[in-house]
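Chain letters run A, B, ... following the sequence lines, proteins first and then strands; every chain starts at 1.
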There are 2 protein chains.
Amino acid sequence: MTAKPPISALTDHLGYWLRLVSNHVSASFARRLEAEGVAVAEWVVLRVLYDVDALAPSKLAARMGMTRGAISKLADKLVAKGLVDRADDLEDGRAHTLELTKAGRALVPRLAKLADANDRAFFAGLTAKEREGLKRLMERTAAQLGLDDIPVS
Amino acid sequence: MTAKPPISALTDHLGYWLRLVSNHVSASFARRLEAEGVAVAEWVVLRVLYDVDALAPSKLAARMGMTRGAISKLADKLVAKGLVDRADDLEDGRAHTLELTKAGRALVPRLAKLADANDRAFFAGLTAKEREGLKRLMERTAAQLGLDDIPVS
DNA sequence: TATTGTTATACTCTATAACTATA
DNA sequence: TATAGTTATAGAGTATAACAATA
């Protein structure tokens, strides 16, 4: 007979429940974006560029917690789709900038609506007060831990 | 001049904050497990087998939301590490079962402690009441949406 | 020498689908 | 014919490291 010490269950951890819900939220959003031909990481790039007009790939890499190589490939895809343009930095001959094309700029509000709808679909079962409390709890946790990269997966 | 309609921010969505925290919780846990030579998906298999003694790969696939092919590969790795044994089902010649080896059974409580420590490290900044409320909110959300697969990534 | 961006390469993870053997 | 498990193949995503151009 083998001893079987009592140990914590998978479901005992807060991380388990966060992961369960978060995985489904993200997978659902990825499917919605896929219908528009866009991957989640690509969406993040588009949404960031929408606010700043032009940004160096290295800045994007830092914000998204990815390598420059990965951003370069991501930019390739967005350029191929006609959503982003590369331009040379005028002051630093090594540097480039990425910016939205007209088509890219037009697409972002549409994708933002998908994000809104996805979030609503998942958290409609909570009251407005619960959603607000949950958001504040997550923001506080992120702040306490110093988490500030944009999640991409 | 290009119009720039005001749209929702990435950080407006609950899904954003859940993903941010969840990604870090999972990545941190993955690093802890890696020091023991175990991947997250492998940990889930080990933890499930710890409770049930023996289980068919197809059952595992259903519970974890993965294909049978993926489970088969996962089992290969665990067998190679000496943590899991394959056995033939006595009643159905097609079926197999997976069960923990002695070494596997001895390892699981150690890994469970890593999971406990990881969860504590991330949510120590919340009060016990906040943690309890958060867990209940996530459980309720998962139940309302019918989410019951074990998250693996 | 250090930095920016790109490219070449490799690795992990997983799905799809074909295959083997039972039922 | 259908099912259980395995295997072969392919694709997505990302990291590492080497490279070219510029600072």
**Asked** D:dA15 C1' sits how many Å from A:I71 CD1, rounded?
**Response** 13 Å
**Asked** Which heavy-atom pair separates B:E99 from B:A87 by the least distance, and what is that distance?
**Response** OE2-CB, 4.0 Å
**Request:** Check DNA chain C against residues 19-40 of chain B and give the residues with a non-hydrogen atom under 4.0 Å, in numerical order.
**Result:** none
**Message:** What is the distance, to the nearest angstrom, from the CD atom on B:E42 to the C1' atom on C:dT14?
**Reply:** 14 Å
**Item:** Side chain A:N23, main chain A:L20, donor-acceptor under 3.5 Å
**Value:** no
**Request:** Using modelled atom types only, decide if a donor and an acceptor are shared between the side chain of A:D12 and the backbone of A:A9 within a distance under 3.5 Å.
**Result:** yes
**Asked** How large an angle, rounded to 10°, do the end axes of the helix from C:dT1-D:dA23 to C:dA23-D:dT1 enclose when each is built from five base pairs?
**Response** 20°
**Prompt:** Taking CG from B:D149 and P from C:dT14, how many angstroms apart are they, rounded to a whole number?
**Reply:** 13 Å
**Message:** For a quick test of reading the model, state the closest non-hydrogen atom pair linking B:L98 to B:L49 and the distance between them.
**Reply:** O-CD2, 3.5 Å
What nitrogen or oxygen pairs link the protein and nucleotides 18-20 of chain C at under 3.5 Å?
none

**Donor-acceptor pair, side chain of A:E132 and main chain of A:K129, under 3.5 angstrom** = no
**Asked** Separation of A:D76 atom CG from C:dT6 atom P, in whole Å?
**Response** 7 Å
**Prompt:** With no hydrogens and no angle check, is any side-chain donor or acceptor of B:E139 less than 3.5 Å from a backbone partner on B:R136?
**Reply:** no
**Asked** Does A:T97 use its side chain to pair, donor to acceptor, with the backbone of A:A54 at less than 3.5 Å?
**Response** no
**Asked** Counting distance only, does the side-chain N/O of A:T141 pair as donor-acceptor with the main-chain N or O of A:L137 below 3.5 Å?
**Response** yes
**Message:** Tell me whether the side-chain N/O atoms of B:T67 come closer than 4.0 Å to OP1 or OP2 in C:dA15.
**Reply:** yes
**Prompt:** Any idea which heavy atoms bring A:F123 and B:G15 closest together, and the distance?
**Reply:** CE1-N, 3.9 Å
**Prompt:** What is the distance from NE2 of B:H96 to P of C:dA23, rounded to the nearest Å?
**Reply:** 11 Å
**Message:** Using only atom types and a distance under 3.5 Å, with no angle test, would you say the side chain of B:R105 pairs donor to acceptor with the backbone of B:D53?
**Reply:** no
Between protein and nucleic acid, restricted to nucleotides 10-12 of chain C and to nitrogen or oxygen atoms under 3.5 Å apart, what atom pairs and distances do you find?
none

**Asked** Do other residues, nucleotides or ligands put more than 12 heavy atoms under 6.0 Å from A:R86 CZ?
**Response** yes
**Item:** Considering all heavy atoms, the nearest A:L111-A:F29 contact
**Value:** O-CE1, 4.4 Å
**Asked** Quick one: does A:S22's side chain have a donor or acceptor within less than 3.5 Å of a partner on B:S22's backbone?
**Response** no
**Request:** Report which part of the nucleic acid B:D89 touches: base, sugar-phosphate, or nothing (heavy-atom distance under 4.0 Å, all strands).
**Result:** nothing
**Message:** Please find the pair of heavy atoms, one from B:T11 and one from A:K135, that lie closest to each other, and give the distance.
**Reply:** O-CE, 3.3 Å
**Message:** Without decimals, in angstroms, what is the distance between A:L74 CG and C:dG5 P?
**Reply:** 14 Å
**Message:** If only side-chain N and O atoms count, and only distance matters, is there a donor-acceptor pair under 3.5 Å linking A:D116 with B:H13?
**Reply:** yes
**Request:** Please check if the side chain of A:K81 supplies one atom and the backbone of A:G37 the other of a donor-acceptor pair under 3.5 Å.
**Result:** yes
**Asked** Just checking, any donor-acceptor pair under 3.5 angstrom between side chains of A:R31 and A:N118?
**Response** no
**Message:** Of the options D:dT14, D:dT6, C:dT6, whose atoms approach the side-chain atoms of B:S72 most closely?
**Reply:** D:dT6
**Request:** To the nearest Å, give me how far apart CD (B:E91) and P (C:dA23) are.
**Result:** 11 Å
**Prompt:** If every non-hydrogen atom of B:R19 is compared with every non-hydrogen atom of A:P151, which pair is closest and at what distance?
**Reply:** CG-CB, 3.8 Å
**Request:** Determine whether the side chains of A:S58 and A:R68 contain a donor N or O and an acceptor N or O closer than 3.5 Å.
**Result:** no
**Request:** To the nearest Å, give me how far apart CG (B:D92) and C1' (D:dT3) are.
**Result:** 8 Å
All N/O pairs under 3.5 Å across the protein-nucleotides 19-21 of chain D interface:
none

**Asked** Of the residues in residues 54-66 of chain B, which ones touch DNA chain D at a heavy-atom distance under 4.0 Å?
**Response** B:A56, B:P57, B:S58
